[in-house]
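Take a look at the structure set out below.
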Amino acid sequence: MIQCKTSKEIGGMGHSLKRKEDARFIQGKGRYVDDVKLPGMLYMDIVRSPYAYAKIKNINIDEAMKVPGVVAVVTGRDLEKYNLHWMPTLMSDTQMVLPTDTVMYQAQEVAAVIATSKYAARDGREAVRVEYEPMKPVIDPYKSLDPDAPVLRTDKEGKKDNHIWNWKVGDKQKTDDVFAKAEVVVKEQMHIPRIHVASIETCGCVADYDKVNNHLTMYMTTQAPHAIRTVIALVAGHVGLTEEKIRVISPDIGGGFGGKVPVYPGYVIAIAVSFLVGKPVKWIEDRSENLQADSFARDYHITAEMAGTKDGKILATRFKVLADHGYTDASANPSKFPTGMFSIATGSYDYDATYMECDAVYTNKPPGGVAYRCSFRVTEAVHAIERITDRFALEIGKDPAELRLQNFIKKEDFPWKSPTGWIYDSGDYHKGLLKAMDTVDYHQLRAEQAEKRKRGELMGIGLSTFTEVVGAGPSKDFDILGIKMFDSAEIRVHPTGKAIARFGTKSQGQGHETTYAQIIAEELGIPAENIQIEEGDTDTAPYGLGTYASRSTPTAGAAAAVASRKLRDKARKIAAYLLEVSEDDLEWEPGKFFVKGAPEKSKTIQEIVFASYTNHPPGMEAGFEATHYYDPPNLTFPSGAYICVVDIDKETGAIHVRRFVAIDDCGNIINPMIVQGQVHGGLTQGIAPAMYEELIYDEAGNILNGTFMDYLVPTAVESPKWETGHTVTPSPHHPIGAKGVGESPTVGAPPAIANAIVDALSPYGITHLDIPITPFKVWKALKEKGAI
């Protein structure tokens with residue numbers, strides 16, 4: 001008889017199982033889009049606009065067509081003949097594939113060159129001559145709202161200004177009344193600048209249209225294959241390319257972070273060309289194109305206010321936001337309004353009066369709104385609440401840790417309804433912060449800081465005690481293009497007890513092949529090494545909405561657990577039949593059912609599975625497989641307590657992060673090693689906008705740092721030693737009590753670092769600096785205050 005193993009032996013939940021997918025990656029055997037090579041494949045390169053706003057007077061392709069290997073040059077006028085020159089975004093906006101009359105941002109696609117090699121395509125691109133009539137662009141979002149500003153989206157019928165939408169939440173009258181009576185009111189103006197995803201792999205695709213069978217196979221770098229297939233069908237359905245004739249395959253992805261959710265024009269152009277010429281077409285953007293034309297996030301201007309008492313009770317907050325979304329609203333966002341989750345800006349604090357309002361505008365910048373490793377504006381929201389909380393503490397002269405402990409939502413008050421309507425599932429914020437404080441010896445640090453201040457030295461201690469909101473769903477509230485935000489798992493166990501499970505999500509490095517297998521192993525007792533995980537192929541995977549917003553574990557992980565339990569229910573019936581007992585007489589432990597009081601009478605999951613194909617109860621359907629589409633009843637709410645310690649050189653402004661402690665609560669942990677890796681990577685991505693990353697445009701709309709020579713992505717050299725830990729408050733509504741963790745560190749790190757730097761500078765009357773906080777900004781602020 002097969003002997004059952006412990007949860008650790010089978011690779012179940014809670015254990016640091018080595019990542020199953022890493023073997024192929026570290027041996028260079030990953031398969032990415034650029035590895036796809038098909039017979040007769042052509043290559044595409046894109047002509048891009050040097051101007052941010054200009055009329056297209058003429059496109060001359062004569063010299064390009066003379067370049068050896070060039071077979072075609074496609075313009076907006078060519079696509080217009082087939083009504084393929086416009087496409088929908090996942091934000092329910094529209095976007096030009098190739099413009100016919102006007103370019104709207106620098107590096108916008110203007111024409112595509114198709115050739116027999118990528119080198120010929122590049123040469124052809126350089127030979128295309130475009131005559132432009134430059135116009136004065138709108139770069140400042142505030143000026144975009146001026147009455148005399150040019151209307152940018154003239155394609156929208158009746159559009160009279162550059163305003164996209166207005167979003168608001170909270171009780172304005174109640175909040176205003178609290179502010180009017182409050183003993184203390186603080187206010188800060190903040191800018192969360194535009195940054196770039198900058199993943200290792202740029203975007204790209206191979207479009208392969210089969211004219212004989214009227215079928216498109218699309219290999220592409222997408223985090224949401226099924227949603228992209230639906231978008232393609234919406235674009236191309238009128239030419240007979242309907243959804244059942246489209247297959248999207250997303251192979252290994254070299255990092256996504258939200259930047260590979262949108263549909264980029266290059267994808268649609270490649271499809272159109274393959275459709276027209278009947279050959280496969282590959283498009284892989286280079287690094288400069290990637291930095292200049294896609295994957296943009298943030299660019300939020302925030303006015304934050306907090307009202308409270310002199311002894312530190314928070315009473316109310318107000319937030320006014322202006323969002324620069326560039327030429328189009330391109331984000332994949334389940335709430336329709338990308339600021340929707342900005343309403344998490346009430347944070348971890350217990351008060352009941354808030355009002356938030358956001359306006360989004362068009363400008364002559366590339367399409368904006370991508371959620372860069374944050375759940376659709378949560379990074380901006382957390383930065384706003386954590387900065388204004390520190391500002392409040394400074395105003396009343398109270399230690400920021402004590403202020404937070406005073407105002408936290410209490411553990412016993414969960415589930416807790418926020419003043420903006422979220423239902424926080426669980427948390428223990430006091431425990432998390434106290435653990436972080438103990439780890440750094442917080443009170444000793446404050447004593448050290450006091451001594452250093454006497455000597456004129458700059459030392460800062462910054463806190464960030466954030467609440468995240470992840471797991472995009474539930475369907476009653478969220479959708480993309482009308483498709484409800486569920487996710488899926490399909491598990492099929494073969495007669496020998498080995499399994500294959502397919503999911504509607506798509507990993508970009510999160511370790512799905514390991515963690516999903518661990519969930520199934522825990523629920524069914526099948527060793528994780530015997531469970532194959534597949535994602536990213538719309539012909540084989542059940543329909544799902546993809547991986548972003550830390551939704552993999554909250555949605556697809558839950559689907560895996562529920563599908564496994566369906567199988568376990570079937571297994572119980574089969575075991576009862578084989579053991580000739582009632583189902584009620586059986587007990588389960590991972591890997592087997594046994595008779596109560598007679599554990600020697602048992603059937604392993606392998607024996608049960610084999611019987612499902614060979615000796616199942618009469619009338620029962622044969623086989624051992626289940627599918628589940630999980631629609632979460634609520635979002636999940638991870639949290640964290642981060643403490644950053646910095647030392648600053650007063651003469652140069654140089655900032656040294658001495659210590660950084662991150663205590664996260666992501667509910668029950670599937671794989672501690674993977675969670676720690678996610679936190680370490682996320683913290684490095686968090687220090688990036690805090691101290692280094694910002695996309696800069698001049699008044700003409702030129703991007704000033706569109707290469708890695710100018711746009712600094714932090715490496716191990718810039719990153720401090722991360723100290724991590726965790727607390728656990730399981731989500732009560734999630735099947736395995738998990739919450740998600742991938743985005744928490746990118747959310748929590750920036751305000752902790754900013755708060756530490758401002759804390760160091762506060763003796764000189766400096767109350768705020770916009771991120772990224774560079775040595776020059778620090779030096780300039782000190783100079784202006786007469787400190788140096």
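Just so we're clear, the structure is a prediction, and the values are computed from it rather than from any experiment.
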Legend entry - Gap separating the CD atom of Q292 from the CD atom of E285, nearest 0.5 angstrom: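 Reported to 0.5 Å precision, the distance equals 10.5 Å.
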Inset, instruction - Could you tell me the separation between the CD1 atom of I643 and the CE atom of M437, rounded to the nearest 0.5 Å? - result: 6.5 Å
Does [X] come within less than 4.0 Å of [Y], counting only side-chain N to carboxylate O?
X	Y	value
E743	R373	no
R453	E457	no
D390	R404	yes
R298	E694	no

Inset, instruction - Just do the side-chain contact (heavy atoms from CB on, under 4.5 Å) check on D428 and T727 with the steps written out, would you? - result: CA-CA 8 Å; D428 190 345; T727 58; 5.8 Å; no
Inset, instruction - For the pair K398 and D311, evaluate salt bridge (charged side-chain N to carboxylate O under 4.0 Å, His left out) and give the outcome as yes or no after the intermediate values. - result: CA-CA 8 Å; K398 191 157 192 170; D311 65 355; over 6 Å; no
Inset, instruction - May I ask you to check whether H196 and F296 place their ring centres under 6.0 Å from each other? - result: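 For F296 and H196, the ring centres are under 6.0 Å apart.
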Inset, instruction - Compute the centroid of each ring, for Y642 and then for F466, and state whether the two points are separated by less than 6.0 Å. - result: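 Yes; F466 has its ring centre under 6.0 Å from that of Y642.
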Inset, instruction - State which residue, out of T379, V382, V747, fulfils the side chain to side chain contact (heavy atoms under 4.5 Å, CB included) condition with E468. - result: V747
Inset, instruction - Could you walk me through whether Y429 and F414 pass the ring pair (Phe, Tyr, Trp, His ring centres under 6.0 Å) test, one step at a time? - result: CA-CA 11 Å; Y429 303 145; F414 288 94; 5.5 Å; yes
Legend entry - Residue pair H512 / K506, side-chain heavy-atom distance below 4.5 Å: no
